[in-house]
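For reference, the structure discussed in these notes is given below.
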Protein chains: 2
Amino acid sequence: MANVRGGDLSRLRQLNALAAIRALREAGPLTLTALAERTGLSRPSTKEVVDELTGLGWVEEVPPNPGTMGRPARRYRFRADCGHLVGVDIGGHNIRAALSDLDGEILAETRQPVRPDDPLEERLAAIERAVSGCLALSGRAASDLWLVAAGTTGVVSPEGRVQFSAAIPAWIGLDLAGELARMFPCEVLVENDSRLAALAEARRGAARGARDVVFLHVGRRMGTGLIIDGKVHRGFGAAAGEIVMLPEARWYDAPDHLNTCAVVPPGTPEEDAAGFTLAAARDGDPAALAAVGRYVDDLAVGTAAMVLLLDPQVVVLGGGFSRSADVLLGPLRERLERACLRTPEVRASALGDECVVMGAIDYAVDHLDRHLFTPDAGPSLPLPQPAGR
Amino acid sequence: MANVRGGDLSRLRQLNALAAIRALREAGPLTLTALAERTGLSRPSTKEVVDELTGLGWVEEVPPNPGTMGRPARRYRFRADCGHLVGVDIGGHNIRAALSDLDGEILAETRQPVRPDDPLEERLAAIERAVSGCLALSGRAASDLWLVAAGTTGVVSPEGRVQFSAAIPAWIGLDLAGELARMFPCEVLVENDSRLAALAEARRGAARGARDVVFLHVGRRMGTGLIIDGKVHRGFGAAAGEIVMLPEARWYDAPDHLNTCAVVPPGTPEEDAAGFTLAAARDGDPAALAAVGRYVDDLAVGTAAMVLLLDPQVVVLGGGFSRSADVLLGPLRERLERACLRTPEVRASALGDECVVMGAIDYAVDHLDRHLFTPDAGPSLPLPQPAGR
DNA sequence: CTCCTAATGTAGGTCTCCTCTGTAACTGGC
DNA sequence: GCCAGTTACAGAGGAGACCTACATTAGGAG
């Protein structure tokens, strides 16, 4: 029983304003009559609501649709550009950033290469450069930002502190949320990167529309992200999805099967080895195919555990190795078919390297939806008045 | 974006009436001033709302609290008794039923012994007898029932069909929701029993207040129920929680360790064997302790998989063996401590055999809350007018 | 140029809530 | 037994938001 508060007339107006905003966000520019139909309000009331929202800067009139019978209807749209969001992907080798409008439409993207053993300061500076780049590309200022969401490798505490990271040693113990809050003049969210990737796939990628999704990050490191009932699942201590830690799930050492295959040229650095095996498997090399088989055998154990436990609608294969999804998908499906009670769809990531930034943006949009555009959600009133552009 | 509808004045009244009902349900009998404070409405408006609800039969006046300064305030309470819910636990050896009011307060309980190999008709008849018994005990008629929720062993499809059941062979393929709908003149819900047990523990049992809970049904058969974000997690095909099916989780054969221990007298029927081992372990018998150790070793593997994946706040140990929780809890905690990133609390079931019926009641209450007492929830208007008692 | 269509704008009415003022009921001290 | 103090109840008047109904306006078709 969350909310026990009633409300007066102004609350009703607020509700109706929110309904109008949501209708406009869902269905693009609408005429007053169309909007009235969608919100269930009468036209005069709808007009009053729209006028108020226009005054606040949330809504703007667009030219009418010509060529129709009768008097042309004025059309209104939600001003998604009245605020901006930034998503950041903090990886071992790259910092990616993207800037979007309030609808999550991406307006600019940048990438800053880094090295896993870069010192803390250098990496933080790269984050700042990546975001500044986005701002410059889109012609915005930092003060236009409403929300920055960052995804990082490693285990992130509920408060945004990095508790553990195999990929970025310097990151361990860092108060990432605090650092970012110092860096940007707006609210900051921090989340694990695989979870954000999962969210992106569930919202706009391979699992669009599914409410229960398991995202597998397969690559040199393994990770998972869970979407349950349409939301990112963090767990009580924000440590959900760490099934790699269980020896019986056979995930931790699984990539070794690909690294130690005979088709890998001697002297190949370990980080490139798997690529050779996967490529050879695609060409039908028997040794490589056998190695891939052993790899998928292991991969399928942990995956089956997740599927049996959660019964997701879709399993999405992402991460570095998902470029070779054509080689992996078939064998994985086949093994899940045998192990699971109900086999979910298994699909390759549709977003690739952009997965995490997109997920960060989607996470920020969700946050906004929940705290600004949802009635009964705490202090969320539609009051922030957007700048005049 | 679920709901895009606005509303008019009557909607506001409805919202405020719901707020009043929720406040009364949460905090018991309240005076007008107290209610006004909680709902945020003025006293005159609160009075009008309460009068309307009284007229509809949802609210009733109770004698004022004597011994206070000033004019005694009239007090009002939610009439939880204006409708009734039934929860049913369909097990292999017992059918349990409970009847509760709209707050989930249990008013009557019955039990009907059955045998696992009873024919379909006999088991359905036992369900009917169990519920009739509750009605008779509490002096109600079937027409007073608003909702019947049933938990059964086995895998239940989203539509309420039993897809598989190891414990009740005759049950497989049965359209249980359909059968119950024919039996009772009200809405019917069907769910897996372990999930309902998990819900009961999360609502009123060992994990009260936790939003992410893993319930382990340990007994002759193993099962799990997951509460995620405060709700029962079913999964896309309602097959969530079936980790027993995975050989690597080492759950399926785990009970054998207890059955084959030397302390079990020869000729003991298999269903009683584990009890001897657990009892001997409590008394410190070395062979029994070793068997329990092997059992918990296996139990911990699947459990660690769940904990690592979901990071629940609490793990609840329920089912037949949970009577011996004192013997099992320590070793299980210790093993989880080693295997998990963040070890959740591990507690014994607080509800025992009543777990599933209680969970069924809680499930029904949740359903009501969502569909009757929540604004913005589909056709949920506070119109059903309760009988005059 | 007129008719038709579809949207706009305005007026009056209703509903719900709020604030304010006066009245009622009970306790405790003298 | 009476009076002051305290607390709650009851009703009147007013404001805000929505609805319906009707008159008005702008563009396209014949």
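A, B, ... follow the sequence lines: proteins, then strands. Residue 1 opens every chain.
- Nearest to the side chain of A:P44, among D:dC18, C:dC17, D:dT20, sits D:dT20.
- Going from atom CD of A:E37 over to atom P of C:dA6 covers 13 Å, rounded to whole Å.
- No side-chain donor-acceptor contact under 3.5 Å links B:D369 to the backbone of B:L372.
- Toward the 5′ end of DNA chain D lies the nearest nucleotide of A:V49, the other residue of the pair A:P72 and A:V49 mapping further downstream.
- Distance from the side chain of B:S45 is smallest to C:dC18 among D:dC9, C:dA7, C:dC18.
- Closest contact between the side chain of A:K47 and the listed nucleotides D:dA17, D:dA29, C:dG9 involves C:dG9.
- Distance B:D8 CG to C:dC17 C1': 14 Å, rounded to the nearest Å.
- Rounded to whole Å, atom P of D:dG16 lies 9 Å from atom CG of A:L9.
- With B:E201 contributing its side chain and B:A207 its backbone, the two residues share no donor-acceptor pair below 3.5 Å.
- With B:E60 contributing its side chain and B:R77 its backbone, the two residues share no donor-acceptor pair below 3.5 Å.
- B:R74 comes within 4.0 angstrom of sugar-phosphate atoms only, judged by non-hydrogen atoms across all strands, and of no base.
- Rounding to whole angstrom units, CZ of residue B:R11 and P of D:dC19 are separated by 13 Å.
- In this entry the distance linking CD of B:Q14 with P of D:dC18 reads 16 Å, nearest Å.
- In this structure, of D:dC19, C:dA7, C:dA25, it is C:dA7 that holds the atom nearest to the side chain of A:R43.
- With DNA chain D read from its 5' end, the first of the two nearest nucleotides for A:S42 and A:R71 is the one closest to A:S42.
- Rounded to an integer number of Å, the gap from B:R13 CZ to C:dC18 P is 10 Å.
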